[in-house]
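A short write-up of the structure that comes next.
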Amino acid sequence: MEISTVIGIGMGIVSVFVGMVLKGAPLSALNNPAAFLIIIGGTFSCLFIGFKMEHMKNFPNLIKKTIQKPPVHEKGELLQMFVELSQIARREGILALESKVQEIDDPFFRTGLSMVIDGMDPEFVSDVLDAELAVMQERHAEGRSMFTQAGTYAPTLGVLGAVVGLIAALGNLNDIDKLGHSIAAAFVATILGIFTGYVLWLPFANKLKIMSESEVSERRMIIEGILSLQAGDSPTAIEAKLMVFIPQSAREGLKKE
């Protein structure tokens, strides 16, 4: 589980609820089905209008990804793997790497290495891997945009909910008690719109962006390593090339190892 996401959601809920109590606003004011319908229902209606059904079907999976801890391939391990593969290739030839292909779990890595073993042109290998990377980035951007748009729609719908509530409140001008209650209820939709937009949807979009950038960096490292293997670079040269993908703070430890 991605603990930072869980902590963030928990802190957001606690901050709002405790803040309401400190301000003297009763939590019972949030018991407003109409506000929830306008904000939650309205946000998803906008998403269904703005995106294809195939995108919306993937919406729960994207939320799940932000909560679950993503599979992490340590770049230090990738570096070590490429160094070992280059040593084998220099001793026994590139075809000797065929026995290692099935040991690789990453389909992207496995596909690239297989093309190299099959003797395909370096430019062709680079084009195929770059195209696959571009498609992945486009797919990630499409999924991320749903949350970005939801974060845009929700606060605006909160204003809409407040206006609807105020219209209802104006019908109670002759009853001061009902008028005060109606005005308070009108702004519950605004609270929900701002909360879901800025505490849930937009942070989810940012988390997906960070996860995507991390995966892109890893795959660029794999592409560089595969092309270096194909070019017959020495283990030392490959290590120097791939070290640039590793944060400076982690390099010293890898060099010692």
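Residues Phe44 and Val159 do not share a hydrophobic cluster, defined by chaining ILVMFWY side chains whose heavy atoms lie under 4.5 Å apart. Under a hydrophobic clustering in which Ile, Leu, Val, Met, Phe, Trp and Tyr are joined whenever their side-chain heavy atoms come within less than 4.5 Å, directly or via other members, Val163 and Tyr153 fall into different clusters. Ile191 and Leu160 fall into different hydrophobic clusters, where Ile, Leu, Val, Met, Phe, Trp and Tyr side chains are chained together by heavy-atom contacts under 4.5 Å. No path of Ile, Leu, Val, Met, Phe, Trp and Tyr side chains, each step under 4.5 Å between heavy atoms, connects Ile194 with Val16, placing them in separate hydrophobic clusters. Hydrophobic clustering of Ile, Leu, Val, Met, Phe, Trp and Tyr side chains at less than 4.5 Å, counting indirect connections, unites Leu208 with Val6.
Residues Ala162 and Thr190 approach most closely at CB-OG1, 3.2 Å, considering heavy atoms. Considering every non-hydrogen atom in both His140 and Ser212, the closest pair reads ND1-OG, 2.9 Å. Contact detail for Ala96 and Ile88: the closest heavy-atom pair is CB-CG2, 4.0 Å. Of all heavy-atom pairs spanning Met146 and His55, the tightest one is CE-O, 3.3 Å. The nearest pair of heavy atoms linking Ala189 to Gly161 is CB-CA, 3.6 Å. Annotation for Ala205 and Thr148: closest pair CB-OG1, 3.5 Å, computed over non-hydrogen atoms.
With a 4.5 Å cut-off on side-chain heavy atoms, Leu97 and Ile94 count as touching. The closest side-chain heavy-atom distance from Asp106 to Arg219 is below 4.5 Å. For the pair Arg90/Pro235, a side-chain contact is recorded, criterion being any heavy-atom separation below 4.5 Å from C-beta on. Using a 4.5 Å heavy-atom threshold, the side chains of Glu239 and Ser86 count as separate.
Note: Trp201 and Phe147 have tilted aromatic rings, judged against thresholds of 30 and 60 degrees for the angle between ring planes.
Ring centers of Phe17 and Phe195: at least 6.0 Å apart, outside the cut-off.
The side-chain contact (heavy atoms from CB on, under 4.5 Å) test applied to Glu224 returns Ser228, Lys241, Leu242, Phe245, not counting sequence neighbours.
The structure places OG of Ser45 at 7.0 Å from CG of Leu157, a figure rounded to the nearest 0.5 Å. Between the CD1 atom in Ile63 and the CG atom in Asn58 there is a gap of 10.5 Å [rounded to 0.5 Å]. Separating the CG atom in Leu79 from the CD1 atom in Ile246 is a distance of 4.5 Å, to the nearest 0.5 Å. Taking CZ of Phe51 as the reference point, atom CZ of Phe59 lies at 9.5 Å (rounded to 0.5 Å). In this structure, the separation between CD on Gln102 and CZ on Arg110 is 6.5 Å, given to the nearest 0.5 Å. The CD1 atom of Ile238 sits 13.0 Å away from atom CE of Met81, with the distance rounded to the nearest 0.5 Å.
Environment of CD in Glu92: crowded, with over 12 heavy atoms of neighbouring residues, nucleotides or ligands closer than 6.0 Å.
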Indicate every side-chain donor-acceptor pair of residues 30-39 with a distance under 3.5 Å to a residue at least two apart or in another chain.
| residue | atom | partner | partner atom | Å |
| --- | --- | --- | --- | --- |
| Asn32 | OD1 | Ala34 | N | 3.3 |
| Asn32 | OD1 | Ala35 | N | 3.1 |
| Asn32 | ND2 | Ala185 | O | 3.2 |

All N/O donor-acceptor pairs, side-chain side in residues 116-131, below 3.5 Å, sequence neighbours left out:
| residue | atom | partner | partner atom | Å |
| --- | --- | --- | --- | --- |
| Asp121 | OD2 | Glu123 | N | 3.0 |
| Ser126 | OG | Asp130 | OD2 | 3.4 |

Determine, step by step, whether Val216 and Met136 satisfy the side chain to side chain contact (heavy atoms under 4.5 Å, CB included) criterion, reporting the C-alpha distance in whole Å, the side-chain angles of both residues, the deciding distance to 0.1 Å, and the verdict. CA-CA 8 Å; Val216 168; Met136 185 196 77; 3.6 Å; yes
